[in-house]
Amino acid sequence: MSKDAPLRDIRRVEKKINAIQKGEKLGKGSEIEADDYLVSFLISGGPTLPPTSRADSLKASLLARGMELEKGVMNECVLTSGRAGRVKPLSRLSILKIATALTLIALMLAAIGLGSAYAMPSNPLYSVKRAVESIYLWVIPGDRNKANAYASWTDRRLGELEYVSKREIVSWYYPLMKDIQAGIENVYRKAKSLGGEEEKEFTRKAKALTFRFEKLLGKVKMQMKRAQKVEAERAIERLRLQLREREGASGGVPSRQSGEESAPTNYEGNSNTQQSMQQENQQRQTQEGQGIDTKEPFEPTQQQQKEQKLINQDQQNKQQEQQDDGQQRHQRR
Amino acid sequence: MISREELIDIAKKAKEYDPEGLARLFDIFFERLRRYFYYRTGDFQRAEDLAAETLTEAIENIQNFKDRGGTIGAWLFGIARNLLARWLEAEGKVEMVEIGPTISVADEEQPEQLTEKGITYEELYRALKKLPDAQREVLLLRVMEGFDAKTVGRLLGKRHGAVRALQFRAINSLKKILESGGVGK
């Protein structure tokens, strides 16, 4: 028979087999095809085989085996009745399937983790990045490692603030500002708990981060809401205060302008901070050479002082109104 | 023809090692398995042994069987095929053994033409033996045992389209062999 038998004939035979199996009778006369009898004959089981004399004994032995197995199951039930439930051992195939599934999940998580490392705010993977950071912080042992991680993450946050400020994604200013503030404070705190040379080292890092933060905040502050702006200024004040305390406590952190240890200390991921500090040093040196006043970037200007006064007045007015309301209610009663 | 519901019920009872269920399982499948093994081995004694062994192995592993709606027959024939493969391997892949005594078919229910010709089971065995292995399996499982093309495809590891093509070729080849009378020893 040729291999490429017409599809029509294949279907015809299939139909015929199905029809005969369903009990339909063959057609009459010319409708009956030559192979119909053969198909019908085969479907009926073909020639009858001679009867077997052993059938009864084989059946009896099968039933006996069944009873043995039933007893075995019963015994197993009695033996395991004290347990909460019998755990069926896993087959090789099941183990292989589970192992494959776990490997795939691990690979997927690793891929997401790696992919999220470069995610910026407003990216869907950004929350994954932050979660990974939190887990890392939770897992790593020792104050030094933690301080390094805080410094590293804060440096990242500063980069992110720079990123969102370039793209004017205003909604991210405030959350990032809070994160950076918390990060720098954590570096100070860890530096304090470390003591000695390490305290100096991490105070220097925190100082570098504070300066970079101040500079960046100067750019983004104008786009913040008034209350947020006030909070930003307070954050800077708090950080400055902490810096002064630390510098006083550790016998003074080497000056950035002294030239000897002007570069911030090395820690992972602070290349941006190093660059910005070097640029800042250069700018300051040139400004000093030109006789320009080199104030701290957050020295309040007249404009800012006016704004602060307005905010204070607002708050006083609100308090006054609340007091008046209270008095009126009291009088009505 | 056994209904799907009945097969489900038998499988359920067999799982509980219920004697009635096991007896029913034996009654339905022993003869079918014996026939299948006979047309594969050509040995009645061996066919009986293998059929009994298939049923014993089945009830020993019945707890692993997951019924997908009356599929116990396909499961049993899967076990049968494995046993046969083991047996063929042990025998050095020699399938031909002594043929039993010739009995002609004079069954009233069988089609006239064939009964006239008087095809015996040994002639049919010889004719089937001349077919390629895949075609013979398809004829036995699909046509004689009545499994659908999908089930046979699953048992043989082939697509159901391939099973249909195989059954078409097998029927044509078998018809030619029987017509030419080329079923002699």
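Below, read A as the first sequence line, B as the second, and so on, with proteins coming before strands; counting in each chain starts at 1.
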Begin with the C-alpha distance, continue with both residues' side-chain angles, and end with the deciding distance and a verdict on side-chain contact (heavy atoms from CB on, under 4.5 Å) for A:L62 and B:F30. CA-CA 11 Å; A:L62 185 82; B:F30 179 74; over 6 Å; no

Lys/Arg N to Asp/Glu carboxylate O, A:E14 vs B:R142, below 4.0 Å: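 Looking at B:R142 together with A:E14, the answer is yes, because their closest N to O distance falls below 4.0 Å.
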
Quick one: do A:D9 and B:F168 satisfy side-chain contact (heavy atoms from CB on, under 4.5 Å)? Show the steps, please. CA-CA 8 Å; A:D9 290 344; B:F168 171 75; 3.3 Å; yes

Derivation of the side-chain contact (heavy atoms from CB on, under 4.5 Å) call for B:Q45 and A:R54: CA-CA 10 Å; B:Q45 195 73 21; A:R54 296 199 298 152; 3.5 Å; yes

Minimum-distance pair of heavy atoms, taken over all atoms of A:P51 and B:R34: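 In this case the closest contact between A:P51 and B:R34 is CA-NH2, 4.1 Å.
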
B:K158 NZ: over 12 foreign heavy atoms closer than 6.0 Å: no

Would you compute the distance between atom [atom1] of [X] and atom [atom2] of [Y] and round it to the nearest 0.5 angstrom?
X     : Y      : atom1 : atom2 : result
B:Y38 : A:L49  : OH    : CG    : 7.0 Å
B:L22 : A:M67  : CG    : CE    : 10.5 Å
B:I59 : A:E68  : CD1   : CD    : 9.0 Å
A:I10 : B:Q167 : CD1   : CD    : 9.0 Å
B:F26 : A:L63  : CZ    : CG    : 8.5 Å
B:Y17 : A:L69  : OH    : CG    : 4.5 Å

Select one option (side chain, backbone, both, neither) describing which atoms of [X] are under 4.5 Å from chain A's heavy atoms.
X     : answer
B:D27 : side chain
B:E16 : backbone
B:L25 : neither

Could you walk me through whether B:L55 and A:L58 pass the side-chain contact (heavy atoms from CB on, under 4.5 Å) check? CA-CA 10 Å; B:L55 289 167; A:L58 290 171; over 6 Å; no

Is any side-chain heavy atom of A:I17 less than 4.5 Å from a side-chain heavy atom of B:I171?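 Contact flag for A:I17/B:I171 side chains = yes.
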
